[in-house]
Enquirer: 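Next up is a structure, given as C-alpha coordinates.
Note that ligands are numbered from 1 as they come in the structure, with each ligand's atoms numbered from 1 the same way. Along the sequence shown, residues carry numbers from 1. Note that the structure is a prediction, hence the values are computed from the model and not measured.
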Amino acid sequence: MMELELDMGRVITIDGPAASGKTSVSRELARRLGWNWVSTGAFYRGLAYTAYRLKYDLQDEEKLAQLSMSNKWRIEMTESKTRVLFADEDVTDDIATEEVGSVASQISRLPKVRDSLLGGQRDCRARTEGLIAEGRDCGTIVFPDAEVKIYLTARSEDRAARRAKELGTSESETIAAQQIRDKQDSSRKAAPLTIPEKAFVVDSSKLSFDEVVSKVEVFVRKELKKN
Ligand code: DC
(Lines give C-alpha, C1' and ligand atoms only; values in the text may rest on other atoms or scores of the structure.)
Protein backbone atom coordinates (compact mmCIF):
# COMPACT_ATOMS: atom_id res chain seq x y z
CA MET A 1 0.00 0.00 0.00
CA MET A 2 1.27 3.46 -0.84
CA GLU A 3 2.16 5.51 2.20
CA LEU A 4 0.45 8.87 2.53
CA GLU A 5 3.12 11.55 2.30
CA LEU A 6 2.03 14.65 4.17
CA ASP A 7 3.42 17.88 2.79
CA MET A 8 5.44 18.66 5.89
CA GLY A 9 8.56 20.80 5.79
CA ARG A 10 11.62 20.53 8.00
CA VAL A 11 11.53 22.36 11.33
CA ILE A 12 14.01 23.87 13.75
CA THR A 13 12.69 25.18 17.07
CA ILE A 14 14.12 27.92 19.27
CA ASP A 15 12.57 28.28 22.70
CA GLY A 16 13.47 30.36 25.71
CA PRO A 17 12.32 32.97 28.22
CA ALA A 18 11.26 36.55 27.47
CA ALA A 19 13.86 38.69 25.69
CA SER A 20 16.43 35.90 25.49
CA GLY A 21 17.13 36.98 21.92
CA LYS A 22 15.02 34.21 20.33
CA THR A 23 13.39 36.49 17.81
CA SER A 24 16.48 38.21 16.44
CA VAL A 25 18.61 35.05 16.52
CA SER A 26 15.99 32.80 14.90
CA ARG A 27 15.18 35.39 12.26
CA GLU A 28 18.84 35.77 11.32
CA LEU A 29 19.29 32.01 11.26
CA ALA A 30 16.26 31.71 8.95
CA ARG A 31 17.82 34.32 6.66
CA ARG A 32 21.13 32.47 6.55
CA LEU A 33 19.47 29.11 5.82
CA GLY A 34 16.91 30.59 3.44
CA TRP A 35 14.12 29.11 5.56
CA ASN A 36 10.81 30.60 6.71
CA TRP A 37 10.40 31.96 10.20
CA VAL A 38 7.50 32.25 12.63
CA SER A 39 7.07 33.71 16.11
CA THR A 40 4.50 31.61 17.98
CA GLY A 41 4.42 34.34 20.63
CA ALA A 42 2.71 36.55 18.02
CA PHE A 43 -0.31 34.21 18.15
CA TYR A 44 -0.66 34.77 21.91
CA ARG A 45 0.10 38.48 21.61
CA GLY A 46 -2.37 38.86 18.71
CA LEU A 47 -5.16 37.14 20.60
CA ALA A 48 -4.34 39.11 23.77
CA TYR A 49 -4.43 42.39 21.85
CA THR A 50 -7.70 41.49 20.10
CA ALA A 51 -9.35 40.39 23.36
CA TYR A 52 -8.21 43.59 25.04
CA ARG A 53 -9.46 45.83 22.21
CA LEU A 54 -12.83 44.03 22.16
CA LYS A 55 -13.03 44.19 25.97
CA TYR A 56 -13.25 40.45 26.48
CA ASP A 57 -13.02 38.95 29.93
CA LEU A 58 -9.42 37.71 30.04
CA GLN A 59 -10.39 34.85 32.35
CA ASP A 60 -13.12 33.50 30.05
CA GLU A 61 -11.31 30.54 28.53
CA GLU A 62 -14.22 29.43 26.32
CA LYS A 63 -14.83 32.87 24.80
CA LEU A 64 -11.12 33.46 24.24
CA ALA A 65 -10.80 30.10 22.49
CA GLN A 66 -13.72 31.06 20.23
CA LEU A 67 -12.16 34.45 19.56
CA SER A 68 -8.90 32.79 18.58
CA MET A 69 -10.70 31.18 15.63
CA SER A 70 -12.79 34.19 14.60
CA ASN A 71 -12.08 36.42 11.61
CA LYS A 72 -11.74 39.48 13.85
CA TRP A 73 -7.98 39.06 13.64
CA ARG A 74 -5.43 37.02 11.73
CA ILE A 75 -1.78 36.13 11.47
CA GLU A 76 0.35 36.43 8.35
CA MET A 77 3.78 34.86 8.13
CA THR A 78 6.23 36.97 6.10
CA GLU A 79 9.98 36.58 5.68
CA SER A 80 11.03 38.81 8.54
CA LYS A 81 7.81 39.37 10.49
CA THR A 82 4.92 37.43 11.92
CA ARG A 83 2.27 40.04 11.18
CA VAL A 84 -0.87 40.44 13.25
CA LEU A 85 -3.92 42.05 11.69
CA PHE A 86 -6.81 43.25 13.80
CA ALA A 87 -9.87 44.04 11.66
CA ASP A 88 -7.52 44.37 8.66
CA GLU A 89 -5.35 46.91 10.48
CA ASP A 90 -1.68 45.92 10.83
CA VAL A 91 -1.00 45.98 14.58
CA THR A 92 2.33 44.11 14.47
CA ASP A 93 4.20 47.01 16.10
CA ASP A 94 1.49 47.56 18.73
CA ILE A 95 1.72 44.01 20.07
CA ALA A 96 5.45 44.34 20.83
CA THR A 97 4.94 46.11 24.18
CA GLU A 98 5.58 44.46 27.56
CA GLU A 99 1.90 45.19 28.48
CA VAL A 100 0.66 43.03 25.59
CA GLY A 101 3.32 40.44 26.48
CA SER A 102 1.97 40.33 30.00
CA VAL A 103 -1.66 39.82 28.86
CA ALA A 104 -0.42 37.20 26.37
CA SER A 105 1.32 35.39 29.19
CA GLN A 106 -1.88 35.50 31.30
CA ILE A 107 -4.10 34.00 28.61
CA SER A 108 -1.43 31.50 27.53
CA ARG A 109 -1.91 29.53 30.73
CA LEU A 110 -5.46 28.61 29.67
CA PRO A 111 -5.42 25.10 28.08
CA LYS A 112 -8.32 25.79 25.68
CA VAL A 113 -6.62 28.91 24.42
CA ARG A 114 -3.40 26.97 23.81
CA ASP A 115 -5.27 24.18 22.01
CA SER A 116 -7.14 26.61 19.81
CA LEU A 117 -3.92 28.32 18.65
CA LEU A 118 -1.98 25.13 18.06
CA GLY A 119 -3.46 24.29 14.65
CA GLY A 120 -2.54 27.67 13.17
CA GLN A 121 1.02 27.38 14.51
CA ARG A 122 1.47 23.89 13.09
CA ASP A 123 0.03 24.99 9.73
CA CYS A 124 3.02 27.31 9.26
CA ARG A 125 5.08 24.23 8.54
CA ALA A 126 2.87 22.95 5.75
CA ARG A 127 3.52 25.91 3.51
CA THR A 128 7.31 25.80 3.70
CA GLU A 129 10.30 23.68 2.85
CA GLY A 130 11.99 24.67 6.06
CA LEU A 131 10.64 26.53 9.08
CA ILE A 132 12.28 28.06 12.13
CA ALA A 133 9.69 28.39 14.89
CA GLU A 134 10.37 30.32 18.07
CA GLY A 135 8.45 30.48 21.33
CA ARG A 136 8.07 28.67 24.65
CA ASP A 137 6.80 25.21 23.70
CA CYS A 138 7.85 24.83 20.07
CA GLY A 139 10.26 21.97 20.74
CA THR A 140 8.03 20.25 23.27
CA ILE A 141 4.41 20.64 22.06
CA VAL A 142 4.08 22.46 18.74
CA PHE A 143 6.81 20.55 16.85
CA PRO A 144 8.03 17.73 19.10
CA ASP A 145 9.51 16.02 16.03
CA ALA A 146 11.63 19.04 15.03
CA GLU A 147 14.98 18.07 13.51
CA VAL A 148 16.96 20.47 15.67
CA LYS A 149 15.97 22.09 18.97
CA ILE A 150 17.65 25.11 20.53
CA TYR A 151 17.04 26.63 23.94
CA LEU A 152 18.25 30.19 24.26
CA THR A 153 18.62 31.84 27.61
CA ALA A 154 20.41 34.72 29.34
CA ARG A 155 20.68 36.29 32.79
CA SER A 156 17.50 38.09 33.73
CA GLU A 157 19.33 41.45 34.06
CA ASP A 158 20.75 41.12 30.54
CA ARG A 159 17.39 40.20 29.08
CA ALA A 160 15.69 43.13 30.77
CA ALA A 161 18.39 45.55 29.63
CA ARG A 162 17.99 44.28 26.06
CA ARG A 163 14.21 44.64 26.07
CA ALA A 164 14.30 48.05 27.79
CA LYS A 165 16.66 49.31 25.08
CA GLU A 166 14.43 47.92 22.32
CA LEU A 167 11.25 49.41 23.76
CA GLY A 168 12.69 52.59 25.28
CA THR A 169 11.37 51.67 28.75
CA SER A 170 13.06 51.73 32.16
CA GLU A 171 15.25 48.74 33.07
CA SER A 172 13.84 48.39 36.57
CA GLU A 173 10.22 48.29 35.37
CA THR A 174 11.11 45.88 32.57
CA ILE A 175 12.96 43.49 34.86
CA ALA A 176 10.00 43.40 37.28
CA ALA A 177 7.47 42.75 34.49
CA GLN A 178 9.67 40.09 32.92
CA GLN A 179 10.23 38.26 36.17
CA ILE A 180 6.46 37.97 36.63
CA ARG A 181 6.09 36.76 33.03
CA ASP A 182 8.96 34.23 33.36
CA LYS A 183 7.38 32.83 36.51
CA GLN A 184 3.96 32.59 34.89
CA ASP A 185 5.33 30.96 31.73
CA SER A 186 7.44 28.40 33.61
CA SER A 187 5.02 27.46 36.37
CA ARG A 188 1.77 27.08 34.41
CA LYS A 189 0.31 23.58 34.15
CA ALA A 190 -0.31 23.66 30.38
CA ALA A 191 2.88 23.45 28.30
CA PRO A 192 5.21 25.27 30.70
CA LEU A 193 8.47 26.70 29.44
CA THR A 194 11.03 23.89 29.77
CA ILE A 195 14.21 22.88 28.00
CA PRO A 196 13.20 20.33 25.34
CA GLU A 197 14.96 16.97 25.46
CA LYS A 198 18.19 16.96 23.41
CA ALA A 199 18.01 20.73 22.93
CA PHE A 200 21.25 22.66 22.40
CA VAL A 201 21.32 25.21 25.22
CA VAL A 202 22.96 28.57 24.57
CA ASP A 203 23.41 31.15 27.31
CA SER A 204 23.82 34.46 25.52
CA SER A 205 24.67 36.55 28.62
CA LYS A 206 28.33 37.04 27.77
CA LEU A 207 28.06 36.74 24.00
CA SER A 208 27.49 39.26 21.24
CA PHE A 209 24.58 38.80 18.83
CA ASP A 210 26.97 37.56 16.10
CA GLU A 211 28.58 35.08 18.47
CA VAL A 212 25.19 33.65 19.44
CA VAL A 213 24.03 33.33 15.84
CA SER A 214 27.33 31.73 14.77
CA LYS A 215 27.23 29.23 17.65
CA VAL A 216 23.66 28.25 16.81
CA GLU A 217 24.34 28.15 13.07
CA VAL A 218 27.36 25.84 13.44
CA PHE A 219 25.33 23.44 15.57
CA VAL A 220 22.29 23.54 13.28
CA ARG A 221 24.30 22.93 10.08
CA LYS A 222 26.10 19.99 11.71
CA GLU A 223 22.78 18.46 12.81
CA LEU A 224 21.05 19.03 9.46
CA LYS A 225 23.90 17.21 7.69
CA LYS A 226 23.18 14.09 9.74
CA ASN A 227 19.68 13.77 8.26
O1 DC B 1 7.76 35.24 22.95
P2 DC B 1 6.82 36.34 23.32
O3 DC B 1 7.40 37.28 24.34
O4 DC B 1 6.30 37.08 22.13
O5 DC B 1 5.54 35.61 23.99
C6 DC B 1 4.51 36.31 24.64
C7 DC B 1 3.80 35.38 25.62
O8 DC B 1 3.09 34.36 24.88
C9 DC B 1 4.72 34.60 26.56
O10 DC B 1 4.99 35.31 27.76
C11 DC B 1 3.97 33.31 26.81
C12 DC B 1 3.15 33.10 25.56
N13 DC B 1 3.74 32.10 24.67
C14 DC B 1 3.49 30.78 24.95
O15 DC B 1 2.86 30.48 25.97
N16 DC B 1 3.93 29.80 24.12
C17 DC B 1 4.63 30.10 23.02
N18 DC B 1 5.06 29.13 22.22
C19 DC B 1 4.93 31.44 22.72
C20 DC B 1 4.48 32.43 23.58
Side-chain angles (χ1 to χ4, degrees), residues 11-27 30 37-52 58 61 64-65 67-68 73 75 77 80-84 91-125 131-144 146 149-154 156 158-160 162-167 169 174-196 199 204:
V11 184
I12 295 170
T13 59
I14 304 198
D15 291 306
S20 52
K22 303 183 299 286
T23 302
S24 41
V25 170
S26 55
R27 205 157 40 189
W37 170 82
V38 69
S39 154
T40 55
F43 286 72
Y44 291 94
R45 285 177 183 264
L47 178 60
Y49 179 88
T50 303
Y52 180 78
L58 298 174
E61 188 169 2
L64 289 173
L67 181 64
S68 75
W73 70 293
I75 295 266
M77 191 170 63
S80 60
K81 277 189 177 177
T82 305
R83 289 176 71 211
V84 173
V91 295
T92 313
D93 292 337
D94 304 299
I95 63 161
T97 63
E98 196 49 46
E99 286 79 21
V100 176
S102 156
V103 179
S105 173
Q106 274 175 53
I107 63 165
S108 72
R109 62 185 177 80
L110 304 169
K112 285 185 184 158
V113 166
R114 301 200 71 81
D115 282 352
S116 66
L117 293 176
L118 200 53
Q121 295 171 2
R122 287 187 173 148
D123 276 352
C124 295
R125 175 191 207 168
L131 177 72
I132 309 216
E134 62 106 332
R136 301 288 184 294
D137 63 344
C138 292
T140 49
I141 306 287
V142 188
F143 301 114
K149 299 180 184 183
I150 311 286
Y151 187 87
L152 207 55
T153 187
S156 127
D158 294 319
R159 292 190 282 115
R162 181 181 295 151
R163 187 50 57 87
K165 202 168 156 202
E166 259 170 38
L167 299 174
T169 49
T174 312
I175 200 167
Q178 264 182 16
Q179 277 169 352
I180 296 173
R181 198 143 73 87
D182 285 349
K183 193 158 176 241
Q184 262 171 197
D185 294 347
S186 323
S187 61
R188 67 181 178 222
K189 286 206 180 86
L193 169 69
T194 44
I195 304 179
S204 69

Enquirer: Would you find a donor on one side and an acceptor on the other, under 3.5 Å apart, between the side chain of Arg27 and the backbone of Ser80?
Expert: yes

Enquirer: Between Thr40 and ligand 1, does any nitrogen or oxygen pair lie at a separation below 3.5 Å?
Expert: yes

Enquirer: With atoms numbered from 1 as shown, which atoms in ligand 1 lie under 4.0 angstrom from a non-hydrogen atom of Ser108?
Expert: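 Those atoms are 11 (C), 12 (C), 15 (O).
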
Enquirer: Starting from atom 1 (O) of ligand 1, find the nearest protein heavy-atom neighbour and note its residue, name and distance.
Expert: Arg136 NH1, 2.8 Å

Enquirer: Quick one: does Arg114 get a heavy atom under 4.0 Å from ligand 1?
Expert: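 Checking ligand 1 against Arg114, which is what was asked, there is a heavy-atom contact under 4.0 Å.
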
Enquirer: Please state which protein non-hydrogen atom is closest to atom 8 (O) of ligand 1 and give its distance, to 0.1 Å?
Expert: Tyr44 CB, 3.4 Å

Enquirer: Give the contacting part of Arg188 toward ligand 1: side chain, backbone, both or neither, where contact means a heavy-atom distance below 4.0 Å.
Expert: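 For Arg188, the contact with ligand 1 is made by the side chain alone.
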
Enquirer: Would you mind finding which of Ala104, Gly135, Ala190 brings a heavy atom closest to atom 7 (C) of ligand 1?
Expert: Ala104

Enquirer: Only one of Thr13, Ile14, Leu193 clears side-chain contact (heavy atoms from CB on, under 4.5 Å) with Tyr151; which?
Expert: Leu193

Enquirer: Specify side chain, backbone, both or neither for Arg181, according to which of its non-hydrogen atoms lie closer than 4.0 Å to ligand 1.
Expert: side chain

Enquirer: Could you tell me whether the side chain of Glu61 reaches within less than 4.5 Å of the side chain of Pro111, counting heavy atoms only?
Expert: yes

Enquirer: Check whether any N or O atom of Asp185, backbone or side chain, sits under 3.5 Å from an N or O atom of ligand 1, and answer yes or no.
Expert: yes

Enquirer: Using the rule salt bridge (charged side-chain N to carboxylate O under 4.0 Å, His left out), only one of Arg109, Arg188, Arg114 pairs with Asp137; which is it?
Expert: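 So the option named by the test is Arg114.
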
Enquirer: Which residue owns the protein heavy atom closest to atom 18 (N) of ligand 1, what's the atom, and how far is it?
Expert: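 That would be Asp137 OD1, 2.7 Å.
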
Enquirer: Check contact between Lys22 and ligand 1, using heavy atoms of the residue and a distance below 4.0 angstrom.
Expert: yes

Enquirer: Begin with the C-alpha distance, continue with both residues' side-chain angles, and end with the deciding distance and a verdict on salt bridge (charged side-chain N to carboxylate O under 4.0 Å, His left out) for Glu98 and Arg181.
Expert: CA-CA 9 Å; Glu98 196 49 46; Arg181 198 143 73 87; 2.7 Å; yes

Enquirer: Under a 3.5 Å cutoff, is there a donor and acceptor pairing between the side chains of Ser39 and Thr23?
Expert: no

Enquirer: For Arg136 and Asp185, which heavy atoms make the closest approach, and how far apart are they?
Expert: NE-OD2, 3.3 Å

Enquirer: Kindly indicate, with the supporting measurements, whether the criterion side-chain contact (heavy atoms from CB on, under 4.5 Å) is fulfilled by Trp73 and Val91.
Expert: CA-CA 10 Å; Trp73 70 293; Val91 295; over 6 Å; no

Enquirer: For atom 4 (O) of ligand 1, which protein heavy atom lies nearest, and how many Å away is it?
Expert: Arg45 NE, 2.7 Å

Enquirer: Using a 4.0 Å heavy-atom threshold (strictly under), name the region of Gln121 that reaches ligand 1: side chain, backbone, both or neither.
Expert: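 Under 4.0 Å from ligand 1, Gln121 contributes no heavy atoms.
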
Enquirer: Ignoring hydrogens, what is the shortest heavy-atom contact between Gly135 and Thr40? Give both atom names and the distance.
Expert: CA-OG1, 3.3 Å

